[in-house]
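Some notes on the structure that comes next.
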Amino acid sequence: MKTMLNIALPKGRLGEKVYSMFEKAGFECLGVTEKSRKLIFENPEKGLRYFWVKPSDVAIYVERGAADIGVAGKDILLEYEPDVYELFDLNTGNCNMAVASVSDFHDNPRKTLRVATKFSNIAKRYYTSIGRDIDIIHLNGSIELAPLLNLADVIVDIVETGNTLKANNLKVINNIFPISARLIANKSSYKFNDSVINKLVDGLTNLTQTKEF
Ligand code: PRP
């Protein structure tokens, strides 16, 4: 029996875009984008098995070897620092990690800054690097609410279109770093499957160079 290459895709719009890139690179699999509750799809001829996971969980599957490869945002890789190979920048899912607050926010350096975020490690590293004393308020979503309700002074969060900030009268104070989707691989799987994984990387490289996706 042919061994299967296990591929973890991030559920949602980004994952669909990523799958279409994989498909164009010759890694197609019937049914992956069908609207259903099914999570695993196989192409036995090509030895491919795709599964949909929560975007923030992709790196866990790959690090632990439940998936050989996967696609995760640079934000997740910097927050959790999983022990995986980062093979390729897919240059999609582009957005920014940013500090934002209410439009009349003025920082008082004598006071500890209250920072609400899903990305506690990134926020801590950033504020340590600029020598600012902070208090992290870890939230799991709707981060934009925090400064509006005076739970926090600022937020550290992902800004893509900027629509969520705008709709809540918040503004970007600082862009910390740009984010995009990355192809990652389990370290030992990569040793055993390097030829097929490199074939995928080559296919994706051609696609991104010709801007075919
Ligand atoms: C993310 C992020 C922002 C929003 C930014 O939230 O945390 O809230 O998207 O996108 P925009 O700049 O295009 O408006 P997500 O949709 O993941 O939901 P969450 O609030 O539950 O984290």
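None of these values were measured; they are calculated from a predicted model. Counting starts at 1 for both ligands and their atoms, following the listed order.
- Near Ser142, meaning under 4.0 Å from any of its heavy atoms, are these atoms of ligand 1: 19 (P), 20 (O), 21 (O).
- Within the 4.0 Å cut-off (strictly below), a protein heavy atom is located near atom 22 (O) of ligand 1.
- Taking each of Lys118, Glu144, Glu160 in turn, the one with a heavy atom nearest to atom 8 (O) of ligand 1 proves to be Glu144.
- Annotation for ligand 1: atoms under 4.0 Å from non-hydrogen atoms of Gly162 are 11 (P), 12 (O), 13 (O).
- Protein heavy atom at the shortest distance from atom 5 (C) of ligand 1 is Ile158 O, 3.3 Å.
- In this structure Asp68 satisfies the side-chain hydrogen bond (donor to acceptor under 3.5 Å, both in side chains) test together with Ser189, sequence neighbours excluded.
- Under the side-chain hydrogen bond (donor to acceptor under 3.5 Å, both in side chains) criterion, Tyr126 pairs with Asn174, sequence neighbours left out.
- The protein heavy-atom contact nearest to atom 14 (O) of ligand 1 is Thr164 OG1, 2.4 Å.
- Side-chain contact of Ser180 with Asp89: a donor-acceptor pair under 3.5 Å is present, judged by distance alone.
- Taking the six-membered ring for Trp and thresholds of 30 and 60 degrees, Tyr50 and Tyr19 have ring planes more than 60 degrees apart, a perpendicular arrangement.
- Put simply, the side chain of Pro147 does not reach to within 4.5 Å of the side chain of Val154, judged on heavy atoms.
- Looking at Lys118 and Glu79, no side-chain N of the basic residue comes within less than 4.0 Å of a carboxylate O on the acidic one, giving no salt bridge.
- In this structure, the protein non-hydrogen atom closest to atom 2 (C) of ligand 1 is Asp157 OD2, 3.4 Å.
- Atoms of ligand 1 lying under 4.0 Å from any heavy atom of Thr161, numbered from 1 in the order shown and given with element: 11 (P), 12 (O), 13 (O), 14 (O).
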